[in-house]
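What you are looking at is a predicted structure, and each value in this text was computed from that prediction instead of being measured.
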Amino acid sequence: MSDEEDDYMSDAFLNAIQDVKPGVNMVHRVKAAIKREEKHKELNIKNRQKTYKEQERESREVALQSSISNQNKGFALLQKMGYKEGQGLGKQGAGRVEPIPLNIKNDRGGIGMEEAKKRKAEEALEDYRQKVRAKQQNETKSLQDFRSRVRTEREEKKIEGDLRRSQRSCEQLDNQKDIKAPREEWYWPKTNLNDDEEEEEEDDKEEEEGALELTSFDKLQILTSYLRGVHFYCIWCGTTYNDEEDLSSNCPGDTAADHE
């Protein structure tokens with residue numbers, strides 16, 4: 001190998017090469033740029049002139065944090081009248097100790113706007129509560145009506161059952177006494193009739209309805225009174241008593257409620 005040719009394995013050649021890792025210089029440059037930008041922002045903040053609102057806020061906070069000095073004319077007049085620092089206002093010293101707090105208004109609304117908004121919100125809340133109460137009352141009333149209707153239907157079914165039972169008992173007891181026909185058509189249970197008899201019964205029924213329309217409750221009262229007076233029988237006791245005295249002594253009463 002000649003002297004003119006470079007020896008790539010020699011120390012002189014290796015020392016001449018800079019030992020730089022890929023990407024290291026780029027990272028250093030980015031970090032340096034970020035630091036310069038932060039310093040620039042800090043300088044801008046320090047050199048920036050504060051706005052009027054910021055200056056007003058800072059001066060207000062400083063004034064509120066410091067107590068009133070003797071140089072204040074109002075405070076000096078209070079001291080001449082016997083006021084001492086830290087004492088409440090008034091002759092007895094029971095008044096306000098601290099000054100009235102400030103309520104800074106930051107928006108552009110009118111003076112009474114907040115009160116109006118608060119009043120409207122309260123009115124809306126009260127209106128919502130009234131609607132909720134009205135809904136609950138309607139639901140409660142509907143539930144009560146439903147229960148009352150169910151109770152009425154149940155009572156009507158019970159009355160119908162007692163009436164049918166009384167009709168069967170009346171027919172049996174009348175037959176035992178050789179009574180061939182009921183005092184009223186509805187005193188006995190209905191029997192299967194032919195077409196002519198059904199037409200006659202319908203005509204008689206129309207005449208009876210035109211004269212007087214009785215409910216099942218009315219019929220039950222009349223029929224039980226007949227059974228008790230003629231046969232000394234109580235449908236709720238299910239017993240035929242010897243006489244009226246035996247009936248009145250041993251039967252609780254002439255209604256279903258008396259036997260509960």
Side-chain angles (χ1 to χ4, degrees), residues 121-260:
E122 290 177 354
E123 291 175 354
L125 180 61
E126 183 62 26
D127 184 57
Y128 172 76
R129 289 175 177 172
Q130 289 179 358
K131 289 181 179 179
V132 171
R133 284 195 294 267
K135 184 179 179 181
Q136 290 176 349
Q137 290 175 358
N138 291 333
E139 290 177 352
T140 303
K141 188 176 182 301
S142 300
L143 181 60
Q144 290 176 351
D145 293 342
F146 172 75
R147 289 176 177 173
S148 177
R149 186 169 62 254
V150 170
R151 184 169 57 252
T152 302
E153 292 176 354
R154 186 166 59 247
E155 290 175 353
E156 289 178 354
K157 290 181 179 179
K158 187 175 184 303
I159 291 172
E160 291 287 345
D162 290 342
L163 178 60
R164 288 192 295 270
R165 193 150 52 95
S166 299
Q167 289 172 336
R168 290 193 297 268
S169 300
C170 182
E171 184 180 14
Q172 293 175 1
L173 294 171
D174 283 348
N175 290 331
Q176 290 176 5
K177 289 190 175 183
D178 294 331
I179 299 174
K180 302 302 182 182
R183 180 176 294 184
E184 297 290 342
E185 292 294 333
W186 52 268
Y187 271 39
W188 290 3
K190 293 181 180 180
T191 56
N192 296 328
L193 305 174
N194 54 34
D195 295 339
D196 295 337
E197 291 177 345
E198 286 182 358
E199 291 178 358
E200 291 178 359
E201 184 180 1
E202 289 178 358
D203 294 338
D204 295 339
K205 185 176 181 181
E206 291 177 358
E207 292 178 358
E208 290 177 358
E209 289 178 352
L212 179 63
E213 185 176 359
L214 296 174
T215 63
S216 298
F217 180 74
D218 295 333
K219 292 179 179 180
L220 179 62
Q221 283 187 320
I222 295 171
L223 189 52
T224 52
S225 178
Y226 171 79
L227 291 172
R228 294 173 69 88
V230 176
H231 300 290
F232 310 114
Y233 178 76
C234 176
I235 63 167
W236 294 290
C237 294
T239 304
T240 302
Y241 293 93
N242 297 326
D243 50 24
E244 185 176 356
E245 183 179 358
D246 186 20
L247 175 64
S248 59
S249 300
N250 297 309
C251 180
D254 57 354
T255 61
D258 295 332
H259 293 75
E260 290 179 355

Any side-chain heavy atom of H231 sitting closer than 4.5 Å to one from S169? no

- Ring-ring centroid check Y187 Y226, cutoff 6.0 Å: yes

For W236 and T224, the nearest pair of non-hydrogen atoms, with its separation, is CH2-CG2, 3.8 Å

SG (C237) and CG (D258) are apart, to the nearest 0.5 Å, by 10.0 Å

- Task: Without swapping roles, check the side chain of D127 against the backbone of E123 for a donor-acceptor pair under 3.5 Å.
- Result: no

Output yes when a side-chain donor or acceptor of K141 lies under 3.5 Å from a complementary backbone atom of Q136, and no otherwise. no

Correct closest heavy-atom pair for R183 and V230 would be NH2-CG2, 4.3 Å

Checking the side chain of N250 only, and the main-chain atoms of D246 only, is there a donor and an acceptor separated by less than 3.5 Å?
yes

Tightest non-hydrogen contact, residues T240 and Y233, listed as OG1-CD1, 3.1 Å

On a heavy-atom basis, the closest approach of I235 and R165 is O-NH1, 2.7 Å

(request) Mark yes when over 12 heavy atoms from residues, nucleotides or ligands other than K177 sit less than 6.0 Å from its NZ; otherwise mark no. (result) yes

Could you check whether any side-chain N or O of S166 sits under 3.5 Å from a backbone N or O of D162, counting only pairs where one atom can act as donor and the other as acceptor?
yes

- Message: Is any side-chain heavy atom of L227 closer than 4.5 Å to one of C234?
- Response: no

Are the side chain of Q167 and the backbone N or O of W186 linked by a donor-acceptor pair below 3.5 Å? yes

The reported gap from CZ in F217 to NZ in K158 (rounded to nearest 0.5 angstrom) is 11.0 Å

Note to self: Determine whether a donor-acceptor pair (N or O, by modelled atom type, separation under 3.5 Å) exists between the side chain of R164 and the backbone of P189.
What the structure shows: no

- Task: Output yes when E126 and R133 qualify as a salt bridge under the 4.0 Å nitrogen-oxygen rule, no when they do not.
- Result: yes

To the nearest 0.5 Å, atom CG of N138 lies from atom NZ of K131 at 13.5 Å

Interatomic distance, CG@L214 vs CD@E184, rounded to 0.5 Å, equals 8.5 Å

Given the options E153, E155, R149, R151 meets side chain to side chain contact (heavy atoms under 4.5 Å, CB included) only with E155

- prompt: Below 4.5 Å, heavy atoms only, C-beta onward: do K219 and T215 meet side chain to side chain?
  reply: no

- Query: Side chains of S142 and D145: do they bring a donor and an acceptor to under 3.5 Å?
  - Reply: no

To the nearest 0.5 Å, atom CD1 of I159 lies from atom OG1 of T152 at 9.5 Å

Separation between OG (S148) and CG (L143), nearest 0.5 Å, reads 11.0 Å

Of all heavy-atom pairs linking F232 and D243, the shortest is CD2-C, 3.6 Å

Point to revise | Sidechain-backbone polar pair: S249 side chain, E245 backbone, donor-acceptor under 3.5 Å | key: yes

**Item:** Stepwise side-chain contact (heavy atoms from CB on, under 4.5 Å) check, W188 with L223
**Value:** CA-CA 10 Å; W188 290 3; L223 189 52; over 6 Å; no

